[in-house]
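Below: the structure, in structure tokens.
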Amino acid sequence: MMLSGLRSMFIVYDADGTVCGEIIYHVRKMLFNATCSACSITHGPKKEKPEFTQLKGEFSIPVYNIHRDEMDVELRAVATSLPC
């Protein structure tokens, strides 16, 4: 799939990529029914959905799945709010 003018795509989860961050996310999900659209699109109960993995391979640019604490300074400057 051609994405004219883009060099890469980042999917940023509104959670920290640490063990503690994962636990907090799952507690929020279980107790408060909190959902994350990015998580719902990309992941099943245990790992990345095979159909999403396949879709990423169809893009002409690299697609990166990262957590909010993994963003570099340049990405933080443009990602002023997270969707989840």
Would you name the heavy atoms of Ile11 and Ala38 that are closest together and state the gap between them? CG2-CB, 3.8 Å
Nearest heavy-atom neighbours spanning Leu75 and Asp72: N-OD1, 2.8 Å
Rounded to the nearest 0.5 Å, what separates atom CG in Asp69 from atom OH in Tyr13? 13.0 Å
Can you see which heavy atom on Ile66 is nearest to which on Phe10, and at what distance? CD1-CD2, 3.9 Å
Minimum heavy-atom distance between Glu48 and His43, given as atom pair plus value: N-CD2, 3.4 Å
Is it true that atom NZ of Lys29 has more than 12 heavy atoms of other residues, nucleotides or ligands lying nearer than 6.0 Å? no
Say whether, by atom type as modelled, one donor and one acceptor occur between the side chain of Lys56 and the main chain of Glu51 under 3.5 angstrom. no
Check for me, please, whether Leu6 and Phe52 land in the same ILVMFWY cluster - side-chain distances under 4.5 Å, paths through other members count. yes
Side chain to side chain donor-acceptor pair (under 3.5 Å) partners for His67, two or more places apart: Glu22, Glu70
Hydrophobic clusters join Ile, Leu, Val, Met, Phe, Trp and Tyr when side-chain heavy atoms are under 4.5 Å apart, directly or via other members; which others share one with Phe32? Val19, Ile23, Val27, Leu31
Would a distance-only check, ignoring hydrogens and angles, find a side-chain to backbone donor-acceptor pair under 3.5 Å from Asp16 to Thr18? no
For Ala79 and Met71, work out which heavy atoms get closest and say how close. CB-SD, 4.1 Å
For the CE atom of Met9 and the OH atom of Tyr64, what is their distance to the nearest 0.5 Å? 11.5 Å
Main-chain N/O of Ala34 paired to Arg28 side chain as donor or acceptor, under 3.5 Å: no
Any heavy-atom pair between the side chains of Asp14 and Val12 that's under 4.5 Å? no
